[in-house]
Amino acid sequence: MTLKCENCDYSFSFCTSEKVNKLHSINLAFVFGMRIIGKGHSAAKKLCSAINIDVPSKRAFGFLEKKLEFAASNVACNTIKEAALEIRSNETDTDFS
């Protein structure tokens with residue numbers, strides 16, 4: 001966010017959220033929210049325009065989408081592996097009963 005004085009050239013910039021793995025968490029949450037509702041960068045631009053805030057560039061938006069895709073893929077793979085191990089464990093337990 002940047003604060004600018006209307007009477008002089010003074011401006012002050014600061015981050016409104018913490019960084020997580022070199023990414024601003026607010027931008028990641030914004031992209032996640034847009035994707036959850038099935039919207040992309042053009043809808044993000046319209047929303048940001050309506051509430052008068054800067055929109056992440058299309059490139060930055062795409063980069064954050066890829067980060068989210070990678071994280072979701074890892075969670076899905078780990079969940080499937082855990083489920084397969086649990087099924088195998090249950091099958092082994094019932095074979096000896």
Side-chain angles (χ1 to χ4, degrees):
M1 187 167 268
T2 302
L3 300 175
K4 295 180 182 179
C5 178
E6 293 180 359
N7 297 324
C8 66
D9 290 334
Y10 179 79
S11 68
F12 179 74
S13 298
F14 59 94
C15 295
T16 57
S17 70
E18 61 189 42
K19 280 190 172 185
V20 178
N21 294 330
K22 299 181 182 178
L23 300 172
H24 290 281
S25 61
I26 190 74
N27 291 341
L28 197 56
F30 176 67
V31 172
F32 180 70
M34 294 302 293
R35 298 308 301 148
I36 286 293
I37 63 170
K39 300 297 180 183
H41 187 258
S42 61
K45 281 175 40 176
K46 288 178 187 176
L47 174 61
C48 289
S49 173
I51 59 177
N52 196 27
I53 61 171
D54 291 336
V55 64
S57 68
K58 189 169 188 167
R59 183 175 176 206
F61 194 92
F63 175 77
L64 292 169
E65 283 180 312
K66 291 290 182 193
K67 289 284 189 182
L68 289 168
E69 179 186 5
F70 180 74
S73 178
N74 281 341
V75 169
C77 287
N78 289 337
T79 302
I80 290 169
K81 287 177 186 175
E82 288 174 14
L85 288 172
E86 185 177 333
I87 290 169
R88 285 188 200 124
S89 173
N90 287 339
E91 287 176 353
T92 307
D93 290 346
T94 56
D95 287 345
F96 295 110
S97 299

Is it the case that over 12 heavy atoms from other parts of the model lie below 6.0 angstrom from the CG atom of D54? no
State the CG-CD distance between N90 and E86, to the nearest 0.5 angstrom. 5.5 Å
Could you state whether I53 and L3 fall into the same hydrophobic cluster, counting links through intermediate Ile, Leu, Val, Met, Phe, Trp or Tyr residues with side-chain heavy atoms under 4.5 angstrom apart? no
Using a strict threshold of under 4.0 Å (side-chain N to carboxylate O), is an ion pair present between K66 and E69? yes
Can you give each donor-acceptor pair under 3.5 Å made by side-chain atoms of residues 28-45, sequence neighbours left out, with the distance rounded to 0.1 Å?
residue : atom : partner : partner atom : Å
R35     : NE   : E65     : OE2          : 3.2
R35     : NH1  : K39     : O            : 2.8
H41     : NE2  : P56     : O            : 2.9
H41     : NE2  : K58     : N            : 3.3

Check step by step if side chain to side chain contact (heavy atoms under 4.5 Å, CB included) holds for V55 and F61. CA-CA 9 Å; V55 64; F61 194 92; 5.7 Å; no
Using the rule that two of Ile, Leu, Val, Met, Phe, Trp, Tyr join whenever any of their side-chain heavy atoms come within less than 4.5 Å, decide whether L68 and F70 are in one cluster. no
